[in-house]
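The structure appears right after this line, and notes come after that.
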2 protein chains.
Amino acid sequence: MALHMSSANPSPDFAERLREAGLRPTRQRVALARVLFEGDHRHVTAESLHAEVKATKIPVSLATVYNALNQFRDAGLLREVVVAPGRSYFDTNIGHHHHFFVETDNELHDFPSHDVTVEGVPAPPAGTQVSRVDVIVRVRR
Amino acid sequence: MALHMSSANPSPDFAERLREAGLRPTRQRVALARVLFEGDHRHVTAESLHAEVKATKIPVSLATVYNALNQFRDAGLLREVVVAPGRSYFDTNIGHHHHFFVETDNELHDFPSHDVTVEGVPAPPAGTQVSRVDVIVRVRR
DNA sequence: TGCATCTTTAGAAATATTCTAAACTACTTG
DNA sequence: CAAGTAGTTTAGAATATTTCTAAAGATGCA
């Protein structure tokens, strides 16, 4: 019974969701998916996710966390956000949205893009097509 | 009359410009400044800049390149652009502008922001103020 | 010139991520 | 459901980028 209506994910059947994404639902991947996709949207780094999953007593190596994050991203389950040099964030919100980045404490916040318009962007370089437009609003405390 | 109106720098007196920025015009910093600020705007990484300056026969260590890039950025002479995980780009264009990032070959292109409008961004998180709005248009070949 | 301060440097260290090859596990087939 | 195989996980090594350290060197002021 879904307690969290604002949850990122209606179905808690993580094994099935992994299978649909073309990934074998191993113990590690299911544990990672549970932490990532249960409850509201979130932002993690490889390190922070590793720490969280280890706390659930399921053995996972850091290498597996990196593997899984890359696979989840490639499968469209996560979005990678690059805002700070030397570290990648992964966002469980894969819908259209943009980010506030609090530079003073390396904190990331989503905001919906449906009200945002970006106008006046010139034509992309010859031979290329736009894959995404990111708006990053950098703020400080 | 200046032939290169689009040039990044009117004056080629790099020592003086460093002094104005509060930096001692050492041999290494002047050599780096020459490569960076002579001619049109450009994008470099620490590695690429190191390779270029070494080619001018002036001895510079990679550590000094990192130091100088950080100092130039802090002094407002450069802008750091974070678009790809694991590497920083530095942009000699410090005016208002945004970027195309060609993901397929890690290439960065500026475009002026004076025609660009970003509307509908919500209020920033409480207690913060906006330091900059970056628009990154990601494209692929 | 003399000297205090700032800068550079090589190499070590820190940080983040990927790779390797061996052990392990999920899924399929018989 | 035993066995095979193909995909996964893992520890540890390797790679990549950036920063740190402490010693040597350069700069600019008196």
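Convention: sequence-line order gives letters A, B, ...; per-chain numbering from 1. All heavy atoms count here, side chains included; hydrogens, waters and symmetry mates do not.
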* Any donor and acceptor pair, going by atom type alone, linking the side chain of A:H98 with main-chain N or O of A:V135 inside 3.5 Å? -> yes
* **Donor-acceptor pair between A:T64 and A:Q28 side chains, under 3.5 angstrom** => no
* Test item: A:V118 and B:T117 side chains (from C-beta on) under 4.5 Å apart, heavy atoms -> no
* If you measure from the Lys or Arg side-chain nitrogens to the Asp or Glu carboxylate oxygens, is any gap between A:R42 and A:E52 under 4.0 Å? -> yes
* Just the endpoints, please: which first and last nucleotides of DNA chain C, 5' to 3', lie under 4.0 Å from a heavy atom of chain A? -> C:dA16 to C:dC27
* Asked: Does D:dG7 have OP1 or OP2 sitting under 4.0 Å from an N or O in the side chain of A:T26?
  -> no
* Structure fact -> Between CG of A:L32 and C1' of D:dT8 the distance, given in whole Å, is 13 Å
* Asked: With distance as the sole criterion, is a donor-acceptor pair present between the side chains of B:Q71 and B:R29 under 3.5 Å?
  -> yes
* How long is the line joining CZ of B:R27 and P of D:dG25, in whole Å? -> 14 Å
* Asked: Is the shortest distance from a Lys or Arg side-chain nitrogen in B:D134 or B:R132 to a carboxylate oxygen in the other one below 4.0 Å?
  -> yes
* Backbone N or O of B:S48 within a donor-acceptor pair of the B:H50 side chain at under 3.5 Å? -> no
* Of the residues in residues 69-90 of chain A, which ones touch DNA chain D at a heavy-atom distance under 4.0 Å? -> none
* Quick one: does B:R24 reach the base of D:dT27 with a side-chain donor-acceptor pair under 3.5 Å? -> yes
* Residue-level proximity of residues 46-67 of chain A to DNA chain D when a heavy atom falls under 4.0 Å -> A:P59, A:V60, A:S61, A:A63, A:T64, A:N67
* Distance in angstrom units between A:Q28 CD and D:dG7 P, rounded -> 18 Å
* Any chance you could measure A:Y66, atom OH, to A:L49, atom CG, to the nearest 0.5 Å? => 10.5 Å
* Look at the aromatic rings of A:F111 and A:F100 and report parallel, tilted or perpendicular, splitting at 30° and 60°. => tilted
* Asked: Would the A:H99 and A:H43 ring centres measure less than 6.0 Å apart?
  -> yes
* **Residues A:R19 and A:E16 bridged, charged N to O under 4.0 Å** => yes
